[in-house]
Every structure is written in structure tokens, then in C-alpha cells.
Number of protein chains: 2
Amino acid sequence: MSIRQDTRHLYLQVIEQIKRDIENGIYLEKQKLPSEFQLSKSLGVSRATLREALRILEEDGVVTRRHGVGTFVNPKPLFTSGIEELNSVTGMINDSGMLPGSQYLSADLVEATEEDKKRFAPVELHNIAKVERVRTADEQPVVFCVDKIPEHLIPIDHVREADSLFSTLEDYTGKRIGYAVTHIEPIGYHERISPILNCEPDQALLLLKQMHYSEDDVPMLLSSNYFRADKFSFHVLRKRV
Amino acid sequence: MSIRQDTRHLYLQVIEQIKRDIENGIYLEKQKLPSEFQLSKSLGVSRATLREALRILEEDGVVTRRHGVGTFVNPKPLFTSGIEELNSVTGMINDSGMLPGSQYLSADLVEATEEDKKRFAPVELHNIAKVERVRTADEQPVVFCVDKIPEHLIPIDHVREADSLFSTLEDYTGKRIGYAVTHIEPIGYHERISPILNCEPDQALLLLKQMHYSEDDVPMLLSSNYFRADKFSFHVLRKRV
DNA sequence: CATTCTTAATAGTCTGACATCTGACGTTCG
DNA sequence: CGAACGTCAGATGTCAGACTATTAAGAATG
């Protein structure tokens, strides 16, 4: 038994607790939450702290607050797991109820190109591990992946054994991947990749070229994923600003 | 002189004020903001209110807060105007410093398909205006658009004259488009559209199929935009959840 | 010189109070 | 009877001040 299980800030824990409670059906959609006074008592935090948590939840669209009325649980988003939610390819295949797999085409230590260096800046790098894989769902090839990882982050031997590069990288470095800047590009036909994915000539691919960063903004992984558009569909909630 | 200029909640005004100050260079990138105590004094609000504002700014990635150290202005938006920011095609072309234009191919009142009805649900519709246009930037064709608008929202005559369907629709209905659910799809070669956009056979297109909603969630416009991928680039900040 | 201690500054949290808004109910008056 | 108004309770919004936890940097120590 540790003295202190959770050293993170209180308001973050409160956010998670409330999200959990909504998830678990303790607070129902469209229903009013207990008043701030009651909630702060039952959560064991001050009203000020609770309010910071509720602000964020409101900002995230989880709840709606109305002055003089109360705080209400928003109906579930219809549009979850859009493209703005970052997930590993393994995770995406898992989520669709299929069995993820990998076929290694190559895994080499190569010299970083100028573009690589620019992308990974300000981290200095000379050699990078370049991994080419075909990702499969129920044995069928669906994604072609080119991943580049700075040499010092993970030994190349580990890379070869990994099924999910994502979690291997996280386990090994102890850092969690927090976000990725992703460029979206359509590919009509790719001389090399399309045949590998068993694509008909008219089957287009969607290329997501992503620079992954740790939660503290350290560049960790540059990957180019070519998705068969008939196997994956992406959507996004675009908001007017 | 009104009794009261701004009836919105204080913390919202504080957020805007701080954003303005950052915009205007009063607070510089990477620099530390004044302490919460000082800031609350200079803004004339309580520390609690200021903190709610700072929380949101942190959540939005505008600032970073470090316990015991201070609040810092984040270096800035490498990632602005990603795909999650909804903008009309006219707006996008404008933003890139080019002259937007439209070429009408057709504008007819047609019967809604079953799929249309499903998309626009729960609004009931029978006939919809279907508009096909080629959007140009500096006279060059860059986007092919198919827009569908429920008949009752806007007379078809108005549609034909409109350069920006987006703003015409907003002006006419008095409702502002708030967001759009967008499906992302790569198109390799389109028999009809590719030639219209003067595309080489290997030039892929990016199709954004969007259902636009007003701020109060009323479906207003269904549009399919085929972008020349060499003329537009989209990116998105994907966050781990 | 390296390590530890002290201290100042700052964000995090708590308490209790008052202000303002909303919705519901009851009263008044035409 | 019905519409307008008044009142009130309960909720979120805002405030002031105090205390805690964390960090960084300088001082003291070995």
C-alpha cells in the first residue's frame, strides 16, 4: 500500500473520475449532475478544484453548464474515433474485431536524410532505423508502413520482434506517445505498394504521414502508413472557428 | 452608452483578452506570463476566475503551466488551419492568396435519394437542390464540388448566383454553419472529374464528403469536394486518448 | 568542487462568502 | 380566466484570502 497512489494534480483525477462515472452509467445522458456543492463534497475536493475539472469537461464537450441551472451530461458523441484520435494500426485493426499481424519486409539502420533531420529537429540524429512492414488483418494485407526511429531510442533487434511498434517503443523508452502531426495525402496507384496490398489498379490508397511526439514534445517516430481505402475509413469533425 | 457592454461570462472575456495580448506581442512566445496573482490584479478579476481561463488556454494548447514555476506562452501554431478547422472552399483559396471563382456545371432541383434522406434526418425532405461546380483559383480549376441543399432552405435561383454557397446559405437562412462531419476518401482517377480538373492520370484526388450542420445541429448542406492533392494539403493533429 | 540546505516565487488547493441567473410558484390585476 | 409581475430557492459565476506543494536558484556546508 503506497502512501500516495496518484501524484498527478487533483483536478485531473476529478476529470477522470467524472468521465468514469458517466461511462459507467452513474450519471446518465442529458441528466443533471449533482450541484457543484454536492459533487465537491462527494468527491472530497473543494468547489474551486471541481470547477476547474468541470470547465475542462465542458471544453471537451462532455458536459454542458448553464448558469443558474446546472451541469448536464451531453449525449454521446456520434462521431467518436475520428481521425483526430491517434491510435496505432494494431489498435485500429483490433478495434474492428480482426486479428492484427505484421510481415517484415526490411529493418535496417540507414543514414538519416536531410528531410528526416528536419522533421526530427531539434533532436539531432545521424542514423535511423527504417522499418518496412505490411500490416495484416485476418491475414489479409491492408496497410503498408514505413517507420523511422532514431537509433538511440530503441535497438534495431527489438524492432524486428515487435508486433506493435507503438507499444514496444513506449515500453522501451518509458515515454508515452502523446500526439502526431499527420499529413493526409491520396495516392492513386503506387507501383510498388499497390501490388503488395493486392490492390486493383483503380483502388486508391490513403497515405497518412505522421510525426509522432511524446507527451513532452520529443519527436519519437516518423511513419508513413498507406491504407487501403476500402478497408479503412476515416472521418473528422470539422468545426467552424 | 450601454449599462453593460459585455454580458458574457468573465472567464470567457479573460480568455479572449489574453489571446489578444499574445497575438499583439504583449506576451512573447516561450515567455512567462505574469504570475497568477499579478495577472488577476491587472485584469481586474479574481485569481479563481483567471485560473479557469488559464485552464482552458492550457487545454487549447495556447499556454503551458508548470507547478511552482509559472505559465508560459507556447511557441506557436505550426499546426494551424488543420483539417479540423472548417472553412469554405472559397475561404481556403482566399487564405492562400489566390482569387477564388466558380464555374457552374449544373444546378437542378432533383428528388432526394434514400441516402440523402438518411443523411439529412431527422429533417424531412423531398426535393433538394443539387449544384455541380468547378472551383477555380486564379482561373485554374482545383476543386470539383457537388452540393446538395434542401429545397426549403434556399431558392434555387439564389444558388446559381452565389459565388460562396457557404455564406449565401448563412445569409439567407440567418443560421451559421457550425460544424461538418467529414468523411475522407482518396480517389485515384475519376473518369469524369479528373479531366475537368486537368489532372494527369496519376494525379490523385482527395474527396471530402461533408454533412454540414448549423450551430444548433440542423443539417443544412451535404457537399462532396474533390480536391486536387497537389493544390491542397490537409493535415491534422491526432491526439492519443 | 560537489552536495545539501535555505529561501523565494509560483501554481495548486481549500474555505467561505456574496453575486447573478434561471425556473417554478404564487399573487395581482385587467 | 389569463397575462404580467413578484418572490423565492437553487444553481453556477465570481470573489478574497489563506495555506500547500513544487520548482529553481543561491547560500551554506563538507
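Residue numbering restarts at 1 for every chain, and letters A, B, ... go by the order of the sequence lines.
An angle of 0°, rounded to 10°, separates the two end axes of the helix from dC1(C)-dG30(D) to dG30(C)-dC1(D), each defined over five pairs.
When all heavy atoms of Val73(B) and Leu28(B) are compared, the pair lying nearest together is CB-O, 3.5 Å. Summarising the geometry of Glu36(A) relative to Leu50(A), their closest heavy-atom pair is O-CD2, 3.2 Å, with the distance given to 0.1 Å.
Ion pairing between a basic and an acidic side chain is recognised when a charged N comes within 4.0 Å of a carboxylate O; Lys118(B) and Glu114(B) show no such pairing. Ion pairing of Lys19(A) with Glu16(A) is absent here, as no side-chain N (NZ or NE/NH1/NH2) approaches a carboxylate O to less than 4.0 Å. One finds a salt bridge joining Glu52(A) and Arg55(B) here, because a Lys/Arg side-chain nitrogen approaches an Asp/Glu carboxylate oxygen to under 4.0 Å.
Residues forming a salt bridge (Lys or Arg N to Asp or Glu O under 4.0 Å) with Glu170(A) (at least two apart in sequence, or on another chain): Arg240(B). Qualifying side chain to side chain donor-acceptor pair (under 3.5 Å) partners for Asp217(B), counting only residues two or more places apart in sequence or in other chains: Tyr179(B).
Looking only at atom types and distance, the side chain of Thr90(A) has a donor-acceptor partner in the side chain of Arg135(A) under 3.5 Å away.
For residues 11-53 of chain B, the set of pairs meeting the ring pair (Phe, Tyr, Trp, His ring centres under 6.0 Å) definition, not counting sequence neighbours, is empty.
Considering only side-chain atoms of Ser46(B), the nucleotide from dC14(C), dA16(D), dT10(C) that sits closest is dA16(D). For Arg47(B), the side-chain atoms get nearest to dA18(D) when compared with the rest of dA18(D), dC14(C), dT14(D).
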For side-chain contact (heavy atoms from CB on, under 4.5 Å), just list the numbers for Val146(A) and Glu132(A), CA-CA rounded to whole Å, side-chain angles, deciding distance to a tenth of an Å, and then say yes or no. CA-CA 5 Å; Val146(A) 183; Glu132(A) 289 190 338; 4.2 Å; yes
Take Phe234(B) and Leu206(B), measure what side-chain contact (heavy atoms from CB on, under 4.5 Å) needs, and give me the verdict at the end. CA-CA 10 Å; Phe234(B) 293 97; Leu206(B) 193 64; 3.5 Å; yes
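Contact annotation: Arg51(A) reaches the phosphate of dG13(D) (side-chain N/O to OP1 or OP2, under 4.0 Å). For dG13(D), the OP1/OP2 oxygens have a side-chain nitrogen or oxygen of Arg55(A) closer than 4.0 Å.
Using a 4.0 Å cut-off on heavy atoms, the residues of residues 59-71 of chain A that approach DNA chain C are Arg66(A), His67(A), Gly68(A), Val69(A), listed by number. Residues of residues 33-40 of chain B having a heavy atom closer than 4.0 Å to DNA chain C, listed by number: Ser35(B), Glu36(B).
At the heavy-atom level, Lys32(B) lies under 4.0 Å from the strands shown only through sugar-phosphate atoms.
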